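Given the structure is predicted, the values throughout are model-derived calculations rather than measurements. Both backbone and side-chain heavy atoms feed into the values below; hydrogens, waters and symmetry mates do not.
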Amino acid sequence: MLCALAFTAICFAQEMKPKPGDGKFTLTVLNIPDVQRGAGLAIILQMPGGATWLYDTGSGYPAEQGWVNDFNTGRDLIAPFLKEHGITELEGVLISHAHYDHFGGLIWLKDNFPIRHLIDSGYEFPGISSPNYSSELRHYSILRDEFKRRGIYREAHAGDKLLLDDQLDIEVIAPPKGFFANPESAVRAPNDPPAHYLVNSNSLGIRIRHGNVVFYLPGDIQSEDIDLSLLPSVDLAKLKCNVLIAPGHGIHGSVKFAEATHPEISIASVFPRYARGLKSTPELRAVGAKTYITGLNGWVRVTSDGKTYTIEAEHPDGQ
């Protein structure tokens with residue numbers, strides 16, 4: 001049995017090795033329009049070897065006849081980007097957690113675009129939730145099961161390595177295999193139920209190293225869980241990065257987290273109505289980070305050659 005599992009894992013890793021590319025790694029954070037609930041996150045990862053992965057797929061809230069406000073990030077932003085760049089298939093998708101503003105685009109993409117792999121943390125919310133959250137979480141479980149039946153799903157936890165490209169070292173930072181629970185001393189807002197904060201806290205967080213350039217994508221883990229669960233559970237040296245995707249759309253963060261990550265660049269994916277009051281912005285600027293916010297800067301792209309990186313934005317001076 002163990003041999004069979006080991007063989008399956010080796011085959012899965014080999015299948016994920018990409019096609020030849022130009023040796024550069026490009027991370028593009030899309031600018032999701034302010035037409036739906038949630039803030040939305042969709043990141044396109046163009047690998048040095050030529051494959052393309054997604055880390056989250058942005059918003060897509062199902063409605064009876066289609067999509068809320070006739071918008072789905074997969075259809076309306078990701079697919080046009082892929083077409084423009086001549087990308088005809090996705091090697092895979094990493095989903096941080098089971099909220100519609102992160103996996104909604106995948107609902108459309110899975111039926112309209114070839115996708116070879118799905119990776120997430122495997123977290124299943126164990127409690128009782130409101131009908132809206134129950135429907136959302138159940139929808140993601142059904143979607144995940146589709147990939148399981150096809151044999152192209154992987155659950156990943158802290159310490160796991162993801163062999164997505166020979167030129168990248170990718171390590172899962174969180175959650176641990178036993179997942180994060182609610183810290184006893186955490187105080188939650190009345191409008192922040194467990195189906196929200198626990199699913200956020202167990203986001204798939206990954207560290208990507210391309211030569212000398214390090215990226216950290218922590219998902220939607222919230223401020224309380226950063227300080228009380230994440231930071232005590234990891235080697236803080238692994239959080240140090242050049243480029244940080246601000247946790248929880250930049251709405252969340254902490255002084256300790258900013259000091260541990262100490263990024264040169266941070267990127268928050270958030271609507272304009274939230275952009276000027278983000279909790280993380282002053283914390284990250286205090287450690288010297290240049291902050292980009294999609295609601296002000298539009299899409300943001302970082303390109304690494306393994307030695308250094310360049311950054312572009314749709315509106316570089318957006319304020």
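Residues N297 and V300 share a closest heavy-atom pair of CB-CG2, 4.3 Å. Summarising the geometry of V213 relative to T308, their closest heavy-atom pair is CG2-O, 3.7 Å, with the distance given to 0.1 Å. Closest non-hydrogen pair, S203 versus I221, comes out as OG-N, 4.0 Å. Closest approach of A268 to L278, counting heavy atoms only: CB-CD1, 3.9 Å. Residues P183 and R188 come closest through the heavy atom pair CD-NH2, 3.6 Å.
Annotation: side chain of V172 is in contact with side chain of L162 (closest heavy-atom distance under 4.5 Å). Taking 4.5 Å as the limit, some side-chain heavy atom of L77 sits within range of a side-chain heavy atom of F71. Side chains of Y309 and I265 form a contact here, defined as non-hydrogen atoms less than 4.5 Å apart. Looking at heavy atoms from C-beta onward, L109 lies out of side-chain contact with V93 at the 4.5 angstrom threshold. Looking at heavy atoms from C-beta onward, I119 lies in side-chain contact with W53 at the 4.5 angstrom threshold. Annotation: side chain of L54 is not in contact with side chain of I43 (no heavy-atom distance under 4.5 Å). In this structure, the side chains of P263 and L284 come closer than 4.5 Å at one or more pairs of heavy atoms. For the pair L296 and H315, the minimum side-chain heavy-atom distance is 4.5 Å or more.
A donor-acceptor pair under 3.5 Å links the side-chain atoms of S233 to the main chain of L230, judged by distance alone. Side-chain atoms of T281 never come within 3.5 Å of backbone atoms of G277 as a donor-acceptor pair (strictly under, hydrogens ignored). Side chain of S280 to backbone of I251: no donor-acceptor contact under 3.5 angstrom is found. Of the possible donor and acceptor atoms, none in the side chain of H157 sits under 3.5 Å from a partner among the backbone N and O of P176. Proximity of a side-chain donor or acceptor of D305 to a complementary backbone N or O of K24 within less than 3.5 Å is not detected. Without hydrogens or angle criteria, E314 side chain to W299 main chain gives a donor-acceptor distance under 3.5 Å. Counting only distance, with no hydrogens or angles, the side chain of D101 and the backbone of S59 share no donor-acceptor pair below 3.5 Å. Listed for the D120 side chain is no donor-acceptor partner under 3.5 Å among the backbone atoms of S96. Formation of a donor-acceptor pair under 3.5 Å by the T57 side chain with backbone atoms of G74 is not found in this model. Side-chain atoms of H249 come within 3.5 Å of backbone atoms of S269 as a donor-acceptor pair (strictly under, hydrogens ignored).
Remark: the N200 side chain and the H97 side chain contain an N/O donor-acceptor pair separated by less than 3.5 Å. Side-chain atoms of H102 and D220 form a donor-acceptor pair, as typed in the model, at a separation below 3.5 Å. Between the side chains of Y100 and H139, at least one donor-acceptor pair of N or O atoms lies under 3.5 Å. S223 and S254 are not linked by any side-chain donor-acceptor pair at a separation below 3.5 angstrom, with hydrogens and angles left out of the test.
The cationic group of R150 lies under 6.0 Å from the six-membered ring centre of F147 and within 45° of the ring axis, placing it in a cation-pi geometry.
In terms of hydrophobic clustering, with Ile, Leu, Val, Met, Phe, Trp and Tyr side chains grouped at heavy-atom distances under 4.5 Å, I95 and F113 are assigned to a common cluster. Under the 4.5 Å side-chain heavy-atom criterion for ILVMFWY residues, no single connected hydrophobic cluster contains both V199 and L94. Hydrophobic cluster membership is shared by L217 and L168, with clusters built from Ile, Leu, Val, Met, Phe, Trp and Tyr side chains linked at under 4.5 angstrom. The cluster map of Ile, Leu, Val, Met, Phe, Trp and Tyr, joined by side-chain heavy atoms under 4.5 Å apart, puts L90 and F81 in the same cluster. In this structure, I115 is a member of the same hydrophobic cluster as Y140, with clusters built from ILVMFWY side-chain heavy atoms closer than 4.5 Å.
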*asked:* side-chain contact (heavy atoms from CB on, under 4.5 Å) for R301 and T26? Distances and angles first, verdict last.
replied: CA-CA 7 Å; R301 177 176 300 124; T26 300; 3.5 Å; yes

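Atom CG of D192 is surrounded by more than 12 heavy atoms from other residues, nucleotides or ligands within 6.0 Å. Remark: I142 CD1 is packed, more than 12 non-hydrogen atoms of other residues, nucleotides or ligands lying under 6.0 Å away. Within a 6.0 Å sphere centred on NZ of K148, other residues, nucleotides and ligands contribute more than 12 heavy atoms. The 12-atom threshold is not exceeded at NZ of K177, counting heavy atoms of other residues, nucleotides or ligands nearer than 6.0 Å.
The ring-ring contact (aromatic ring centres under 6.0 Å, His included) search around Y197 returns none, not counting sequence neighbours.
Between Y292 and the choices V243, V302, I311, the side chain to side chain contact (heavy atoms under 4.5 Å, CB included) rule is met once, by I311. Checked against I208 for a side chain to side chain contact (heavy atoms under 4.5 Å, CB included), the options Y55, Y216, F25 give a single hit: F25.
Salt-bridge annotation for D111 and R75: absent, with no side-chain N of the basic residue lying under 4.0 Å from a carboxylate O of the acidic one.
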